[in-house]
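What you are looking at is a predicted structure, and each value in this text was computed from that prediction instead of being measured. Just so it is clear: chains get the letters A, B, ... in the order the sequence lines come, proteins before strands, and each one is counted from 1.
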There are 2 protein chains.
Amino acid sequence: MPKIELFGPVSEELEIVEAELSKNINTRLDLLRKASTHLIAAGGKRLRPAFALLAARVYQKDLGHVVPLAVALELIHMASLVHDDVIDNSLTRRGTDTVKRAWGNRMSIYAGNYILARSLALVAGYQRSDIVDVLADASMDICEGEIIQMMSAYNVNLGLKNYLRRIERKTALLISVSCQLGAMVSNADEDEVRAVKNYGYYLGMAFQITDDILDFVADEQALGKPTGSDIRQGVITLPAWYALRCAPEKEELAVLLSSPEACKTDAEHIIDIVVNSDGIEYAYHVSQHFARKAEKCLDMVPDGEAKEAFLNISDFILDREF
Amino acid sequence: MPKIELFGPVSEELEIVEAELSKNINTRLDLLRKASTHLIAAGGKRLRPAFALLAARVYQKDLGHVVPLAVALELIHMASLVHDDVIDNSLTRRGTDTVKRAWGNRMSIYAGNYILARSLALVAGYQRSDIVDVLADASMDICEGEIIQMMSAYNVNLGLKNYLRRIERKTALLISVSCQLGAMVSNADEDEVRAVKNYGYYLGMAFQITDDILDFVADEQALGKPTGSDIRQGVITLPAWYALRCAPEKEELAVLLSSPEACKTDAEHIIDIVVNSDGIEYAYHVSQHFARKAEKCLDMVPDGEAKEAFLNISDFILDREF
């Protein structure tokens, strides 16, 4: 994922978003407030707000009207993280305890639902049903993606399409929607909205592939979570998918990845097989392909500091090495 | 809860709601569709749609415009049931397996989120942010209520206010909102909306108290779930609250209800203590009080078959005996 410096043109607005995030979970209920505050304090790069703000900046200088949308997008993202923590039994995320570890399963589900409802209230403020429509559709697609991911675990026979569909739902969709809505609330016309929406989509695909690579090769501290977490949960990402087809040990790998037990106990060995195949390099090329497609979408976007920032973000992916 | 016959004036529309419920969860994803269909097939009285339709019928004859709202309200209710099942580890609800038992925890969380998103899409169709506002506020309040209930478990020192707040969030709010929104989409003026909203609120309070009584005294088959489920989870409802203050065995009861273990192993004994106190009778009187308050709100509502039905529903509570 890109560094926050890349979002320079909207850095001031991102600070406002940060302050508004805290204000928006200020419930009277002590335990709920603590759980939600904990979640906000755990950080994250606020990528979705950043994309919404940048997309808006293409068309308007003043971004005050985008802040509630940006906050809502981050809240939606946060809610999905809390629910994923319940489901995955994760105990740490971004280096700190998850809400689940600190307060239990019940609190996580409620906190997630509460945060979602809050985001809905923010979006209602725009009095635009097209915005609610886009978010409702995205939410359903994201749920479907989570179910596809769940059903795909430990299945070594799935095609590339299944992987791409999973990362689309997991990451690309909400980044795409962030760009789309940022432009929509800023008087962009239909073609312009489509251009930034598509940019967000392809960039999101590239990001998620990069993230999936990092789960194999990253430094744990830099990653903020243990490496190999995908493998341990039987989630077969692009490097593993490639190794299943092309590694010399592909038969052994298929047996290992089909077994929930082996995925846990032999995770290190599985990672070695994948890293020693050309899986990382292959995935890297696919991520580059999407980053270039993203860049191409910017041809339709008016010049300016926001477009410059968008280009820098895709360049960041293109220049990355593993 | 009242029999469905009481909603006679909107019985045709309720059939349309039933058909629309199935249509609305028709996702391409087989597993998700099965889980959601299972949930719909498990039934329930569609009380929230019924109240929305009746409230609308007070002001308009044709109710086609209310159907998406009615469907959305039932979906919101269903989503909260799926999430509660995850949290409570419930294995049966309304006599059939819960989604959790049939498909596991993950599927329950995703199915709940999916159903919520679908309801959002339906509500967006009205292009009215005041409706989204009402639902967002209600959703947040309901989440808070679930957390209050969770924090209140096994606590024998809480006042009547805590109980009333819990049942307000758990039941009265969404019934109140159903009446309110039914009137809002049907050109009722502000005072009229407030009248049916308050009716729904007081009636919802009366209903929930009746339900809480049934958890002590009902026939398991008629109830569709095991009796004593509140006690087993340490949820102290009105009959138990009274017994904690007035039963001859109140000291023993306080010790038992404070212990998660005793609530499970000695549930039958606890129920006996509560039933032998005047707890059931006391709760019954409180429910009657709310039913009468509900009836009073109808003074403001124009005469007609819908008002007649509303009166029959509150009479059903008033005439009930335990």
Legend entry - From A:Met150 atom CE to B:Tyr110 atom OH, the distance as rounded to the nearest 0.5 Å: 7.5 Å

Inset, instruction - Measure the CE-CD1 distance between B:Met140 and A:Ile115 for me, rounded to the nearest 0.5 Å. - result: 11.5 Å

Inset, instruction - Output the residues of residues 120-128 of chain A for which the shortest heavy-atom distance to chain B is under 4.5 Å, in residue-number order; output 'none' if no such residue exists. - result: A:Leu120, A:Ala121, A:Ala124, A:Gln127

Inset, instruction - Starting at OG of A:Ser108, measure out to CD1 of B:Ile109 and round the result to the nearest 0.5 Å. - result: 8.5 Å

Legend entry - Spatial distance of atom OG (B:Ser129) from atom CD1 (A:Ile131) [nearest 0.5 Å]: 11.0 Å

Legend entry - Residue, of A:Ile148, A:Asn113, A:Leu116, A:Asp141, that accumulates the most heavy atom pairs under 4.5 Å with chain B: A:Asn113

